[in-house]
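Remarks on the structure that follows.
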Amino acid sequence: MILAAYREWASEQVRQALQALGLPQSLPLEWRDLPFAYTWGIATPLAMQLAAQEKKINPDLDVPARAQEIAQRLAEHLAGILKGDPRFQRVEAVRGYLNLYFNPSHVARSVIETVLREGPSYGRGAPKGERVMVEFSQPNTHKAFHIGHLRNAVLGDALSRILDFAGFETIRATYPGDIGAHVIKCLWGYLRFHRGEEPAERRGAWLGQIYAEAEARLEEADAYRREVVRFLLGAFREEGITPWVREFLLNRLSEALVAHAASGPIGQKDTTLMIRAMATGELPDLDAIVDKDWLWSLWEAMGQWLEELAEKARGRRGKGGEADRQAVAALQAHYRAIGHRPEEWNYEKEIRALFARWEARDPELLELWRRTREWSLEEFRRIYEELDISFDVWFFESEVEEEGKRIVEELIARGIATDLRPHGPVVVEIDRLLGQEGKEEYRTLAILRSDGTTLYSTKDLALAKRKFEGFHIDRSIYVVDVRQSLYFKQIFKILELWGFPQASKCYHLAYEMVTLPSGKMSSRAGTIVLYEDFAAEARERARRIVEEKNPELPPEQKARIAEAVAKGVMKYSMLSVDNNKVIVFDWDAALNLEGQTGPYLQYAHARACRILEKAETPVRLEGDRLFETLEPQEVALIEAIATFPDLVQSAAERYKPLLIANYVFDLAKAFNEFYRDCPVLTAPPLIREGRLALVAAARQTIANALNLLGIPAPEVL
RNA sequence: GCGCCCGUAGCUCAGCCUGGAUAGAGCGUUGCCCUGCGGAGGCAAAGGUCGCAGGUUCAAAUCCUGCCGGGCGCGCCA
C-alpha cells in the first residue's frame, strides 16, 4: 500500500525520462524488489526488454550490452531530475537493470506512521462488497478427531481470517457428518458390546474408540465369512484331496445348489453367482449374495458331509483308503480351524437391521443417536474453543437429508438426473449431459441410492442450495481434502446444470493428507494420531520450556503461556507447508520450538513487548530529524513491515495462508536481526525515539499477521 | 486406462500463478557470540545436474511438450 505509492511515483519518473530520451514508451513498466539484502529500492528490467525489442530490427545486436547502455542513460537522466526530491536517494544501472533507491528516512517515517495510526487494522483491506462462505472442518461424529482434521480446521480458520481481513464479508461454516454408515456402525458397536456404558469424560474420544472397535470386529467378521465361502467353494480342490472325496463333496454341493436354485428367483441368482465362482476359483462378491442364511446352512451342512465322509472312509480298504482318510482328516481339521462362529457370521445382518431401524426412525435408536452425537459435538466444541476457532453457522448432514431427496426428484423431473431405481441408483451422467460422451472428464455421479436413502452427494446438493438461497453468498469455498477433487468438480458442474449462477464461484480448496512415516493413518492398525494426544504433548513440551526459561512467573501465567505456545507450534506446523503437499507427521518436527516455528514468531513479539515496556516512555513520532540515519537492519525491517498489506490481498486472492505463514517468519527474522544489532533503549535520544517507534510498528505487524493465522501473540513468553 | 498432485541442499520445505541479477529458509553438522533490550536468539562455514530430455525466450527452478520416479482419485463410502 505504502510501497505501491512509491512504485507509482517511480514509474512516473521513468516514463518522463523515457520521453525525454526519446525511447519507446510502449512497454509496460514492471518493478521488482531488489534482490540484495539491506538495500532499499526497486528495480526494473525495462532496459533489457527495450534492447530485446531493438534486436528484432537489428539481429546482430548484443542485447546485454545494449541493455546496460540504455539503463545507464536512464540512470543518468533520472539522477539529474530527481536530485533534491525528498523521496529519492540514488539510481544506478547494473547488468541491464535500472535500480532506484528511495530515501530511507522518508519511507521509514511514512511506513511507521501508518502502522501506528492503524494499529490492529494495519493491513486490513478495503471492503470488497462480496460475501464469501468458507466451509471447513467436517469431522464425523462418532469418530475420532485426529491431526488430519486439525490441518483442515487450522487451514480453514486461517483462510477465513485472511479473507475477512482482506475486506470480504466472510461467513464461517462447519459441517459435521452426524449421520451415515459410520454412525450406524458405531451405534451397533455400542449396543452390541458396550450397551449402557458412558464414561465420565472424553466421551467423544471414547465413542471414537467404539467406532474403531466396531470396524475392527466387522472386518474380522468379513474375513471369517470369506474364509467360510472360500472353503465351501474350494474344499473339493484342496491339496491332497482324493477323487473319491472330491466326487462326494461335489455331489452334495450340487444337490444343495440345485435345491436352492429351485427355491425362487433369489435362489437362482445366488446359485448362479456361486457356480460361476466355483468355475473360476475366485471368491464371489459376498455383498452380491442375497440369501446369507442359506450360505450359513451350507456351511453347517458341510460339517455334516465331512462327518459322513469320515464315517464312510473308515470302511475303505486298500491303498486308496488311507489316502481318503487322510484327505478327510485334513479337510475336517481345516473346517474346524475356520470354525463355527454364527454371531460373527451375522454381524453384517445386524448392521443392516440397524440401518433399517434408522430409516424407519425407530424412536429408541434416534434417542441413542441424539445422545451419542452430543458426546462428539461437545468434544468438537471444546476443541474449537481450545484452538480459538469459531463458526457462524453449523450445518449438519442430518438436516439436509430430506431436502436432498426432494432435490433429486426435481433433477429427475428436469432431465438432469437419471433414475435407475430399483435396479440402480439415481445418477447424473455429467459427460453425457455436456455432450461429451466417451470423454472421462466428469464421469457419472450417483446422487441417491437405489433404496431411496441419501448419499453424501444428495446432502451436498441440498447444502449448496441452502448456502446460496439462505445466506445470499456470492462465493462458496469448500476446504476439503484433495481426494475429493473429482467429486467437487462433479458437484459444482451439477449445480451449474441445475442453474445456479454461483456455481462458477464455488471453489474446492484442496489440501493434502497428514500421513505418518509408516504410511497412512489407520484406525484398524491403531495408528491414528488424535488431536487430543498431539495437543497434550505440545502443551507438555511448552510447559517444560516455560518452566526452564521463566521459573519465577506465577503458575497460572505459565499455564497461559504454555497454552499459547502449544497453539502456536501446532498451528504453525500445519500452516507452513503448502496445501498440496503431504505432511508426513513427525512428533519432533511438528513440536520443535526452535527455528521456523510458531514460538519463534511469538518470541520475537515478546521481545518487542519487553523493549516497549522497559522504555517507560510513550512512542512518539515528532520532529523532522527522525530516521536520518538508518542501519541496514532497520531498513530491512521497515521494508518487511511495509509489504504486509499487499501480502494480505495476495493471500486472500490465492487462498494461501502459507504466504502469511512465510511472511511472519521473514518479519520476525528481520526483527531478530534488528534486535541483535540495533540497541534501542541505550541509543542516543533521537535514534532511540525512532527505533522505539519502529519496535512498536514491528510488534503491531507481527501481532496482526499472527492473528491471521489464529496464533496468539503473548506479551511474555 | 483416464485424471489430479508431488519431485529444489543429508532431512523437512519456500520460491513456480505473474520468467529476470549470485536458487533461499529451517532442521542436522562444524565453529563462534550472553559485564548490551530475554540465547525459544544471532553470526559464519560446509552442503545444489532445481527428477530427465527437448522446446519457447535476450533470459527458464519458473512457461510449453514428452518421459521417469512417488502419492492420490475414478463406489449405491464420506
Side-chain angles (χ1 to χ4, degrees), chain A residues 30 32 34-36 43-45 48-49 51-55 61-64 66-67 94-97 99 138 140 177 180-182 397 420-421 424-427 439-441 443-451 453 455-457 459-460 480-487 489-490 510 512-513 515 520 542 545-546 548-550 565 576-584 586 588-589 592-604 606-608 610-615 650 653-654 656 658-659 661-662 665-666 668-669 672-673 675-683 691 695 716-717:
Chain A
E30 292 163 24
R32 42 190 301 105
L34 282 168
F36 314 111
T44 176
M48 286 183 260
Q49 292 163 338
Q53 223 177 31
E54 285 178 20
K55 190 191 165 107
L61 190 73
D62 178 349
V63 171
R66 174 60 183 152
V94 181
R95 298 177 70 165
Y97 281 88
N99 296 342
Q138 306 89 340
N140 283 331
H182 69 278
E397 282 189 35
L420 302 175
R421 286 174 296 179
V426 180
V427 298
K439 260 202 178 178
E440 294 187 50
E441 188 180 0
R443 296 164 191 263
T444 295
L445 183 68
I447 58 172
L448 196 69
R449 285 200 192 92
S450 54
D451 62 4
T453 59
L455 290 161
Y456 194 53
S457 50
K459 293 169 263 186
D460 246 328
V480 182
D481 79 69
V482 68
R483 291 176 304 189
Q484 285 172 54
S485 295
L486 173 62
Y487 167 76
K489 204 173 147 184
Q490 294 171 321
E512 265 292 355
M513 312 307 300
T515 67
K520 278 192 240 179
I545 194 163
V546 174
E548 176 196 327
K549 304 280 177 184
N550 278 319
V565 169
S576 57
V577 178
D578 195 73
N579 301 340
N580 48 23
K581 231 148 195 170
V582 176
I583 293 181
V584 180
D586 174 273
D588 287 324
N592 186 16
L593 305 178
E594 288 168 16
Q596 185 168 1
T597 66
Y600 176 93
L601 316 169
Q602 295 171 316
Y603 184 66
R607 275 179 148 181
R610 186 60 139 195
I611 295 177
L612 295 169
E613 181 198 324
K614 285 203 166 179
S650 179
E653 272 162 33
R654 296 173 59 188
K656 261 184 176 298
L658 170 70
L659 295 182
N662 285 341
F665 177 68
D666 290 339
K669 198 169 163 61
N672 278 332
E673 285 162 18
Y675 180 93
R676 162 80 182 191
D677 296 318
C678 307
V680 179
L681 302 178
T682 55
R691 286 186 180 165
V695 170
V716 180
L717 219 60

- Message: Side chain of A:V680 only, heavy atoms from C-beta on: which candidate in B:G7, B:C27, B:C37 is closest?
- Response: B:C37
- Could you tell me whether the phosphate oxygens of B:C4, OP1 or OP2, come under 4.0 Å of any side-chain nitrogen or oxygen in A:R483? no
- Distance-only donor-acceptor test, A:R443 side-chain atoms vs B:C2 base atoms, 3.5 Å: yes
- Closest nucleotide of RNA chain B for A:T682 versus for A:N662: which of these residues is on the 5' side? A:N662
- Message: What I want to find out is whether A:D481 reaches A:R483 closely enough, with some N-O distance under 4.0 Å, to be called a salt bridge.
- Response: yes
- Can you check whether A:M513 reaches A:K520 side chain to side chain, under 4.5 Å on heavy atoms? no
- Query: Are the side chain of A:N550 and the backbone of A:L717 linked by a donor-acceptor contact shorter than 3.5 Å?
  - Reply: yes
- Message: Which nucleotide wins on minimum distance to the side chain of A:L681, given the candidates B:C58, B:C37, B:A78?
- Response: B:C37
- Taking the C1' atom of each, how far is B:A61 from B:C6, in whole Å? 15 Å
- Of all the choices, B:A78, B:C76, B:G41, which nucleotide is nearest to the side chain of A:N672 once you look at every atom? B:G41
- Query: Over how many whole Å does the gap from A:D586 atom CG to B:G10 atom C1' extend?
  - Reply: 15 Å
- Considering only the P atoms, how many Å lie between B:A60 and B:C13, rounded to the nearest integer? 28 Å
- Message: With a 4.5 Å cut-off on side-chain heavy atoms, are A:V695 and A:R607 touching?
- Response: no
- Query: Distance between the C1' atoms of B:C58 and B:C52, in whole angstroms?
  - Reply: 26 Å
- Message: At 4.0 Å (heavy atoms only), tell me whether A:Y600 reaches a base, stays on the sugar-phosphate, or touches nothing.
- Response: sugar-phosphate
- Minimum-distance nucleotide (side-chain atoms of A:E440 versus B:C2, B:G42, B:A14): B:C2
- If we only count heavy atoms from C-beta on, is the A:V427 to A:L420 side-chain gap below 4.5 Å? yes
- Query: What is the distance from CD of A:E512 to P of B:G71, rounded to the nearest Å?
  - Reply: 12 Å
- Message: Taking any heavy-atom pair under 4.0 Å as a contact, classify A:Q484: base, sugar-phosphate, or nothing.
- Response: base
- Item | Pairwise side-chain contact, A:E397 with A:Q138, heavy-atom cut-off 4.5 Å (strictly under) | no
- Is A:Y487 close to A:V480 at the side-chain level, that is, under 4.5 Å between some pair of heavy atoms? no
- Apply side chain to side chain donor-acceptor pair (under 3.5 Å) to A:N672 and A:Y603, showing your working. CA-CA 9 Å; A:N672 278 332; A:Y603 184 66; over 6 Å; no
- Query: What interatomic distance, in whole Å, is found between P of B:U12 and the corresponding atom of B:C17?
  - Reply: 25 Å
- Task: Mark yes or no for whether A:R691, through its side chain, and A:P679, through its backbone, hold a donor-acceptor pair below 3.5 Å.
- Result: yes
- Message: Regarding A:L455, tell me which of base, sugar-phosphate or nothing describes its non-hydrogen contacts under 4.0 Å with the strands shown.
- Response: sugar-phosphate
- Taking atom C1' in both B:C4 and B:G10, what distance in whole Å separates the two? 31 Å
- So what's the dot-bracket for RNA chain B: Watson-Crick or G-U pairs under 3.5 Å, [ ] if a pair crosses, | if it pairs off-strand? (((((((..((((......[...)))).(((((.......))))).....(((((..]....))))))))))))....
- Item | B:G3 and B:A14, which share atom name P, separated by this distance in whole Å | 26 Å
- Counting heavy atoms from C-beta on, name the nucleotide in B:G38, B:G26, B:A21 closest to the side chain of A:K669. B:G26
- Query: How is A:E548 classified with respect to the nucleic acid when contacts are heavy atoms under 4.0 Å: base, sugar-phosphate, or nothing?
  - Reply: nothing
- Any side-chain N or O of A:R95 under 4.0 Å from OP1/OP2 of B:U22? yes
- Message: I'd like to check A:V577 versus A:E512 (side-chain heavy atoms, cut-off strictly below 4.5 Å). Are they in contact?
- Response: no
- Syn or anti for B:C34, please, going by whether the chi angle lies within 90° of 0. syn
- Message: Distance check needed: B:G7 C1' versus A:N580 CG, whole Å only.
- Response: 12 Å
- Item | Phosphate OP1/OP2 of B:A14 contacted by A:K581 side-chain N/O (<4.0 Å) | yes
- Looking only at atom types and distance, does a side-chain atom of A:S457 sit under 3.5 Å from a main-chain N or O of A:A446, one as donor and one as acceptor? yes
- Closest listed nucleotide, where the reference is the side chain of A:R654 and the choices are B:C16, B:A21, B:C74: B:C16
- Query: Between B:G42, B:C27, B:C6, which nucleotide gets closest to the side-chain atoms of A:R676?
  - Reply: B:G42
- Query: Using the C1' atom in both, what is the distance from B:G15 to B:C63, to the nearest Å?
  - Reply: 16 Å
- Query: In whole angstrom, what separates A:D481's CG from B:C77's P?
  - Reply: 18 Å
- Item | Euclidean distance, atom CG of residue A:N579 to atom P of B:C4 [Å, nearest integer] | 19 Å
- Among B:G39, B:A14, B:C58, which nucleotide sits nearest the side chain of A:Q49? B:C58
- Any idea which of B:G38, B:C76, B:C43 is nearest the A:E673 side chain? B:C43
- Query: What is the nucleic acid contact for A:A589, judged by heavy atoms within less than 4.0 Å: base, sugar-phosphate only, or nothing?
  - Reply: nothing
- How would you label the contact of A:G96 with the nucleic acid (heavy atoms, under 4.0 Å): base, sugar-phosphate, or nothing? nothing
- Item | Of A:K520 and A:A542, the one whose closest RNA chain B nucleotide lies more 5' | A:A542
- Ignoring backbone atoms, test whether A:R607 places a side-chain nitrogen or oxygen under 4.0 Å from the OP1 or OP2 oxygen of B:G39. yes
- Query: What nucleotide among B:G39, B:A14, B:C37 has an atom nearest to a side-chain atom of A:R610?
  - Reply: B:C37
- Task: Considering only atom P, compute the distance from B:A21 to B:G70 and round it to an integer number of Å.
- Result: 34 Å
- Find the distance A:Q596:CD to B:G24:C1' and express it as a whole number of Å. 11 Å
- Task: Provide, to the nearest angstrom, the distance between the CG atom belonging to A:L486 and the C1' atom belonging to B:C77.
- Result: 14 Å
- Roughly, in whole Å, what's the span from CG in A:D666 to C1' in B:G15? 11 Å
- Task: Give one of base, sugar-phosphate or nothing for A:Y675, where a contact means two heavy atoms less than 4.0 Å apart.
- Result: base
